[in-house]
**Q** 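Following this message is one structure expressed as structure tokens.
In what follows, chains are A, B, ... by sequence order, proteins preceding strands, each numbered from 1.
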Amino acid sequence: MIRVRFAPSPTGFVHVGSLRTALYNFLFARHHGGVHILRVEDTDRTRYVDGAVENLLRTMEWVGITFDEGPTQGGEYGPYTQSERTELYRTHADTLVANVKAYRCFCTAERLDEVRKQMQAQGQPPMYDRHCRNLTTDEVKGKMDAGIPHVIRLRVPLGETITFNDLVRGDVSFESKTIDDQVLLKSDGFPTYHLANVVDDFHMKISHVIRGEEWLSSTPKHVLLYRAFGWEDSMPKFAHLPLLLNPDRSKLSKRQGDVAVEDFREKGYLPDALINFVALLGWNPSATEEIYSMNELISQFEIEKVNKAGAVFGKEKLDWMNSEYIRKKSPDELLEMVKPLVIARGYDVTDEYLKSVIVLMQERTRSILDFVDFSDYFFDAPKSFEEKSKLKNWTPEAKERLSELLPIFVAMTEWNHDSIEATIRSYAESKAISAGKLIHPLRLAVSGVGMGPGLFEMLALIGKNEVCERIQSALVNLV
RNA sequence: GGCCCCUUCGACUAGUGGUUAGGUCACCACCCUUUCACGGUGGUUGCACGGGUUCGAAUCCCGUAGGGGUCACCA
């Protein structure tokens, strides 16, 4: 039975790297008809952020990643929040101590700092010097009776080579002498990631651990833990995902731009586009097709085809994908997303009108935000005019023609795409000029910019009175 | 610095011994066109380097270089 888990710590927003990890776990589970589990790793009380779990749930729902077991839906192997399982970790840590696989360490933070500094000064990698590793039973008892705070550390065997198979990287080996006697249980009684992770993965019967590459170098510690517990036979398979990178190829970080899924949502990205884009960062089913629905991703996903090298999170392609998805949406679906933005800007329009705007703008939009940012002239007269277009189109001749055209517009009884086009073209013909000589200045006068949807449908939608007022106003105010 | 991982166009990638090294984004040109966008056509740009192995290497091996990750009582 395939059982995988997404195990975030609730420390705030959801990083797009986490999103991809969650997605791959989800795709892998769904592809194989397995179980997708959400486990909240909140063992660091100092980093806990209020509301982070709720935010996480909301974000997963928004992108369409679902869970079969987790804090909200429960399940056979709960609880799924680590802070509710501390007793389990404690007894497991005690068992390791009893079996001489771990030991109690009474070193102070100051001493540890000191040791690390010394080792670094000697050009050694900073590791714990195993000072408490060989305390006698009596010494330990004495310190415990004296109430000296302590941690429990893993007794890493010396002189072994630890090899494990990674589904994306093949066999990976580490010398045990390079592995620190890792803290398993902190002095506050909470487990560290390593202990909690291994204990939970075992008890939750996790079959595959799919996580970011930053965990690769701590995997031997986990392997050692499985061995110490005698769980080697049920050790999960590991798959370490390539990192998502900044443009400078460092690990994707907040400092260099948006990394929170929430940021992308706010900037007008569609969840389908984000998912599609992120899915193809580090994995590719064919290389000829670029657009995949969630169901297609599920049916095509193969963990073995995940790449080894990190992938730069390049926004241009995401923008392109977003525009592709916007074009595929129905006006009604878009209306739902655009309407709140329009209301937030203080514009008051009917759904019918807004939907017409959406239809006209849909093909020229890269973000949902563009429906208000680049379409404001549908809701209000332009407050400024684009300089470049003005220079090119707002000539004395153009103004003269518009002033002649204005009364013709006013006199029109029918106001629609065809009648407007006919009027403009016949006027242009009567003056023996190209229609473009009219169209461009008109666009500028009415919209304030030099680009946009077809002029005739635009004028038809904005309405005769408003159009005439804007022409009038431009003739007076635009120099 | 130790350890580990990685290396095909600017970016995402296909490619598993024989290809004119393919696709997508971006970029450029042209076409379409009332602008923009869409669409269409074409184009510039790449196997990090050096040695092997082989009739033949982007593909296999070994080095070098470069990049990244990790070395907490954080995950």
**Q** Nearest-Å distance, CH2 (A:W320) to P (B:G10)?
**A**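 Rounding to the nearest Å, CH2 of A:W320 and P of B:G10 are 20 Å apart.
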**Q** Which pairs count as side-chain hydrogen bond (donor to acceptor under 3.5 Å, both in side chains) when at least one residue sits in residues 366-377 of chain A, sequence neighbours excluded?
**A**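 For residues 366-377 of chain A: A:R345-A:D373.
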**Q** Remember a base hit wins even if backbone is also touched, and classify A:R366 as base, sugar-phosphate or nothing at under 4.0 Å, heavy atoms.
**A**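 Sugar-phosphate, backbone atoms only, no base.
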**Q** Calculate the interatomic distance between A:E290 atom CD and B:G22 atom C1'; express it in whole Å.
**A**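 Checked: the CD to C1' distance equals 12 Å.
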**Q** Tell me, which pairs form a side-chain hydrogen bond (donor to acceptor under 3.5 Å, both in side chains) where one or both residues lie in residues 419-446 of chain A, sequence neighbours left out?
**A**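 Sorted result for residues 419-446 of chain A: A:E404-A:Y427, A:E404-A:K431, A:N416-A:S419, A:E421-A:R425.
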**Q** Just how far, in rounded Å, is C1' of B:G15 from CD of A:E304?
**A**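 Distance check: A:E304 CD to B:G15 C1' gives 18 Å.
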**Q** Starting at CG of A:L280 and ending at P of B:A11, how long is that distance when rounded to a whole Å?
**A**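 Going from A:L280 (CG) to B:A11 (P), I get 17 Å.
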**Q** A:Q124 or A:D171: which one's nearest nucleotide on RNA chain B is closer to the 5' end?
**A**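 Upstream on the strand: A:Q124.
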**Q** How does protein reach along nucleotides 29-35 of chain B, written 5' to 3' as B (base within reach of a heavy atom under 4.0 Å), S (only sugar-phosphate), or - (no contact)?
**A** -----BB
**Q** Using the C1' atom on both, measure B:A11 against B:C30 and round to a whole Å.
**A**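 About 25 Å, rounded to a whole number of Å.
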**Q** I'd like the C1' distance from B:G1 over to B:U20, given in whole Å.
**A**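 Each nucleotide's C1' atom is 48 Å from the other's.
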**Q** Taking the C1' atom in each of B:U8 and B:C49, what is the distance between them to the nearest angstrom?
**A**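 The same atom, C1', in both gives a distance of 15 Å.
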**Q** So A:S173, base contact, sugar-phosphate only, or nothing? Heavy-atom distance under 4.0 Å.
**A**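 Sugar-phosphate, backbone atoms only, no base.
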**Q** Find the distance A:M458:CE to B:A37:P and express it as a whole number of Å.
**A**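 Checked: the CE to P distance equals 16 Å.
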**Q** Taking only the P atom of each, what is the distance from B:U7 to B:G15 in whole angstrom?
**A**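 Going atom to atom, P in each nucleotide, I get 13 Å.
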**Q** Does a distance-only test, which skips hydrogens and angles, find a donor-acceptor pair under 3.5 Å between the side chain of A:K317 and the base of B:C12?
**A**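 Answer is yes: a donor-acceptor pair is held.
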**Q** Under a 3.5 Å cut-off for both distances, is B:A14 Watson-Crick or wobble paired, and to whom?
**A**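 B:A14 is unpaired by these criteria.
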**Q** Could you tell me how far B:G46 sits from B:C55 if I compare only their P atoms? Round to whole Å.
**A**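 Their P atoms lie roughly 31 Å apart.
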**Q** Step through it carefully: locate the ring centre of A:Y193, locate the ring centre of A:H222, and say whether they are under 6.0 Å apart.
**A**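 Yes, they do, as the ring centres are separated by less than 6.0 Å.
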**Q** Taking any strand in view, what nucleotide pairs with B:C3 in a Watson-Crick or G-U wobble way, both distances under 3.5 Å?
**A**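 When the pairing criteria are applied, B:G69 turns out to be the nucleotide that pairs with B:C3.
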**Q** Can you tell me the pairing partner of B:U59 across any strand shown, Watson-Crick or G-U wobble, with both distances under 3.5 angstrom?
**A**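 Pairing partner: none.
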**Q** Does the side chain of A:N307 get closer than 4.0 angstrom to OP1 or OP2 of B:A14 through an N or O atom?
**A**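 True: A:N307 side-chain N/O within range (under 4.0 Å) of B:A14 OP1/OP2.
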**Q** Would a line drawn from the ring center of A:F277 to the ring center of A:F313 be shorter than 6.0 Å?
**A**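 Ring centres of A:F313 and A:F277 closer than 6.0 Å.
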**Q** Which whole-number value in Å describes the distance from A:W283 CH2 to B:G15 P?
**A**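 Rounding to the nearest Å, CH2 of A:W283 and P of B:G15 are 12 Å apart.
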**Q** Determine which nucleotide pairs with B:G42, using a 3.5 Å limit on both distances of a Watson-Crick or G-U wobble pair.
**A**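 Base partner found: B:C28.
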**Q** With sequence neighbours excluded, tell me which residues meet salt bridge (Lys or Arg N to Asp or Glu O under 4.0 Å) with A:R364.
**A**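 Partners of A:R364 by the salt bridge (Lys or Arg N to Asp or Glu O under 4.0 Å) criterion come out as none, since no residue qualifies.
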**Q** When the P atoms of B:U24 and B:A14 are compared, how many Å lie between them, rounded to an integer?
**A**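 B:A14 and B:U24 have their P atoms separated by 15 Å.
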**Q** Determine the Euclidean distance between corresponding P atoms of B:G67 and B:C28; express it in Å to zero decimal places.
**A**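 Going atom to atom, P in each nucleotide, I get 31 Å.
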**Q** Sugar-phosphate atoms are those with a prime plus P, OP1 and OP2; base atoms are the rest. Using that split, label each nucleotide of nucleotides 64-75 of chain B B, S or - for protein heavy atoms under 4.0 Å, 5' to 3'.
**A** ----SSSSSBBB
**Q** Applying salt bridge (Lys or Arg N to Asp or Glu O under 4.0 Å), which residue pairs with at least one partner in residues 86-97 of chain A are found, sequence neighbours left out?
**A**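 Qualifying pairs: A:D94-A:R104.
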**Q** Please list, chain by chain and in numerical order, all residues satisfying side-chain contact (heavy atoms from CB on, under 4.5 Å) with A:M451, sequence neighbours excluded.
**A**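 For A:M451, no residue satisfies side-chain contact (heavy atoms from CB on, under 4.5 Å) once neighbours in sequence are set aside.
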**Q** Send over the distance from A:E289 CD to B:U13 C1', rounded to a whole Å.
**A**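 Rounded to the whole Å, the gap is 14 Å.
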**Q** For A:R255, enumerate each residue passing the side-chain contact (heavy atoms from CB on, under 4.5 Å) test, keeping only those at least two apart in sequence or located in another chain.
**A**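 side-chain contact (heavy atoms from CB on, under 4.5 Å) check on A:R255 returns A:S253.
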**Q** Which base, if any, makes a Watson-Crick or G-U wobble pair with B:A75, both distances under 3.5 Å?
**A**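 None - no nucleotide pairs with B:A75, as no candidate has both distances under 3.5 Å.
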**Q** Can you name the residues that form a side-chain contact (heavy atoms from CB on, under 4.5 Å) with A:M235, not counting sequence neighbours?
**A**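 Here the qualifying residues are A:V223, A:Y226, A:F238.
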**Q** On a whole-Å scale, what distance lies between the P atoms belonging to B:G68 and B:C61?
**A**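 Approximately 25 Å lies between the P atom of B:G68 and that of B:C61.
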**Q** Between the side chains of A:R401 and A:E397, is the shortest nitrogen-to-carboxylate-oxygen separation below 4.0 Å, so that they form an ion pair?
**A**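 Salt bridge: no.
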**Q** For the pair A:K267 and A:D319, find out whether any cationic side-chain nitrogen is under 4.0 Å from an anionic carboxylate oxygen.
**A**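 No, this pair does not count.
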**Q** Counting only Watson-Crick pairs (N1-N3 plus N6-O4 or O6-N4) and G-U wobbles (N1-O2, O6-N3), all under 3.5 Å, who is the partner of B:U64?
**A**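 Because both required distances fall under 3.5 Å, B:U64 counts as paired with B:A48.
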**Q** Write down the distance between CG (A:N284) and P (B:A11), rounded to a whole number of angstrom.
**A**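 Distance, rounded to whole Å: 16 Å.
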